[in-house]
**Student:** 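Quick one: structure below, then a few questions.
FYI, the numbering just counts along the sequence from 1. Values below: all heavy atoms of this structure, side chains included; hydrogens, waters and symmetry mates excluded.
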Amino acid sequence: MTQTGDNVTWLTQEAYDKLKAELEYLSGPARALIVAKIEEARQEGDLKENAGYHAAREDQGKQELRVRQLTQLLERAKVGEAPADNGVVGPGMVVTIAFDGDEDDTMTFLLASREYVSETIDTYSPQSPLGSGVNGKKVGEDAQYELPNGKLATVKILEAKPHTG
């Protein structure tokens, strides 16, 4: 899954289906469960000092936020194939970089939306400092990005291949 612009999120069919199923669960069965919890806690009496009620309401707020996030994401999703294998770093690409040009000190990551979760590879958002620094660069080029301490780091793009998993 990757961002292809500010308003479009590219998703594999598998990722789209997974997020759609999560939305359906949160909008249906999970919503009914949280409403029942709130009602049960409300029956216990004074709402000012009712920790169960307040916890259930907080859970409801978090759940509704996730429903809104998923709804917006899926509304602007584009389901399709992986990006072109042209050596240009972009969303949906697995990127290998070398720090300060040292080809022994490398890191490989997926440049993708924060919604993409993978147990097999680290994911960096195109909006992150590293992501925005390497986005649009070609294999062999250097890229700079700002470290948390304000200093600039330089990396060399060693490889950029479409993510297939």
**Student:** Under the rule for salt bridge (charged side-chain N to carboxylate O under 4.0 Å, His left out), what residues qualify as partners of D17, not counting sequence neighbours?
**Tutor:** none
**Student:** Could you tell me whether E39 and R42 have a side-chain N and a carboxylate O separated by less than 4.0 Å?
**Tutor:**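 Result for this pair is yes, salt bridge flagged.
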**Student:** Could I get the full list of side chain to side chain contact (heavy atoms under 4.5 Å, CB included) partners for Q63, not counting sequence neighbours?
**Tutor:** L26, A30, R31, I34
**Student:** With sequence neighbours excluded, what pairs up with K62 under the side chain to side chain contact (heavy atoms under 4.5 Å, CB included) test?
**Tutor:**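 So K62 forms a side chain to side chain contact (heavy atoms under 4.5 Å, CB included) with E58.
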**Student:** Side chain of S132, backbone of P129: donor and acceptor closer than 3.5 Å?
**Tutor:** yes
**Student:** For E75, check side chain to side chain donor-acceptor pair (under 3.5 Å) against everything at least two apart and list the hits.
**Tutor:** none
**Student:** Could I get the full list of salt bridge (charged side-chain N to carboxylate O under 4.0 Å, His left out) partners for K20, not counting sequence neighbours?
**Tutor:** none
**Student:** Working to the nearest 0.5 Å, report the span between CG of D122 and CG of L111.
**Tutor:** 12.5 Å
**Student:** List for me each residue that meets ring pair (Phe, Tyr, Trp, His ring centres under 6.0 Å) alongside Y16, sequence neighbours excluded, and say none if there are none.
**Tutor:**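 Expected list: none.
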**Student:** Does any non-hydrogen side-chain atom of M107 lie less than 4.5 Å from one of L130?
**Tutor:** yes
**Student:** Please give me the minimum heavy-atom distance between A41 and N50, naming the atom from each residue.
**Tutor:**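 In terms of heavy atoms, the two residues are closest at O-ND2, 2.6 Å.
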**Student:** The criterion is salt bridge (charged side-chain N to carboxylate O under 4.0 Å, His left out); which residues satisfy it with E159, sequence neighbours excluded?
**Tutor:** none
**Student:** Give me the atom names and distance for the closest heavy-atom approach of V139 to A160.
**Tutor:**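 The answer is CG2-N, 3.7 Å.
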**Student:** How many angstroms lie between OG1 in T108 and CD1 in I121, if you round to the nearest 0.5 Å?
**Tutor:**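 The OG1 atom of T108 sits 6.5 Å away from the CD1 atom of I121.
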**Student:** Do V88 and V134 share a hydrophobic cluster (ILVMFWY, side-chain heavy atoms under 4.5 Å, transitive)?
**Tutor:**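 Shared cluster, no.
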**Student:** Check the pair Q60 / K37 against side-chain contact (heavy atoms from CB on, under 4.5 Å), numbers first and verdict last.
**Tutor:** CA-CA 10 Å; Q60 182 185 38; K37 267 184 169 177; over 6 Å; no
**Student:** Hey, is CD on Q144 packed in by over 12 heavy atoms from elsewhere, all under 6.0 Å?
**Tutor:**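 Yes.
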**Student:** Please list, chain by chain and in numerical order, all residues satisfying ring pair (Phe, Tyr, Trp, His ring centres under 6.0 Å) with Y124, sequence neighbours excluded.
**Tutor:** F109
**Student:** With no hydrogens and no angle check, is any side-chain donor or acceptor of D105 less than 3.5 Å from a backbone partner on D100?
**Tutor:** no
**Student:** Can you name the nearest heavy-atom pair linking G90 to N135, along with the distance?
**Tutor:**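 Closest approach of G90 to N135: CA-OD1, 3.3 Å.
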**Student:** Does the side chain of K138 come within less than 4.5 Å of I157's, by heavy atoms?
**Tutor:**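 No, too far: nothing below the 4.5 Å cut-off.
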**Student:** Should we count CD of E49 as having more than 12 external heavy atoms under 6.0 Å?
**Tutor:**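 Check fails, neighbour count at 12 or below.
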**Student:** Please report the closest heavy-atom contact between P91 and P126, naming both atoms and the distance.
**Tutor:** CG-CG, 4.0 Å
**Student:** Looking at D142, V89, V155, which one forms a side chain to side chain contact (heavy atoms under 4.5 Å, CB included) with I97?
**Tutor:** V155
**Student:** Are Q69 and R66 side-chain neighbours, meaning at least one heavy-atom pair lies under 4.5 Å?
**Tutor:** yes
**Student:** Could you list the residues that satisfy side chain to side chain donor-acceptor pair (under 3.5 Å) with S128, not counting sequence neighbours?
**Tutor:**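 For S128, no residue satisfies side chain to side chain donor-acceptor pair (under 3.5 Å) once neighbours in sequence are set aside.
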**Student:** Using the rule that two of Ile, Leu, Val, Met, Phe, Trp, Tyr join whenever any of their side-chain heavy atoms come within less than 4.5 Å, decide whether Y25 and L70 are in one cluster.
**Tutor:**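 Yes: a chain of side-chain contacts under 4.5 Å links Y25 to L70.
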**Student:** Looking at residues at least two apart in the chain, or sitting in another chain, which of them share a side chain to side chain contact (heavy atoms under 4.5 Å, CB included) with A153?
**Tutor:**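 Listed in chain order: Y145, L147.
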**Student:** Restricting to pairs with a member in residues 83-96, which pass salt bridge (Lys or Arg N to Asp or Glu O under 4.0 Å), not counting sequence neighbours?
**Tutor:**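 Listed once each, the pairs are D85-K161.
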**Student:** Can you name the side chain to side chain contact (heavy atoms under 4.5 Å, CB included) partners of Q72, sequence neighbours left out?
**Tutor:** R76
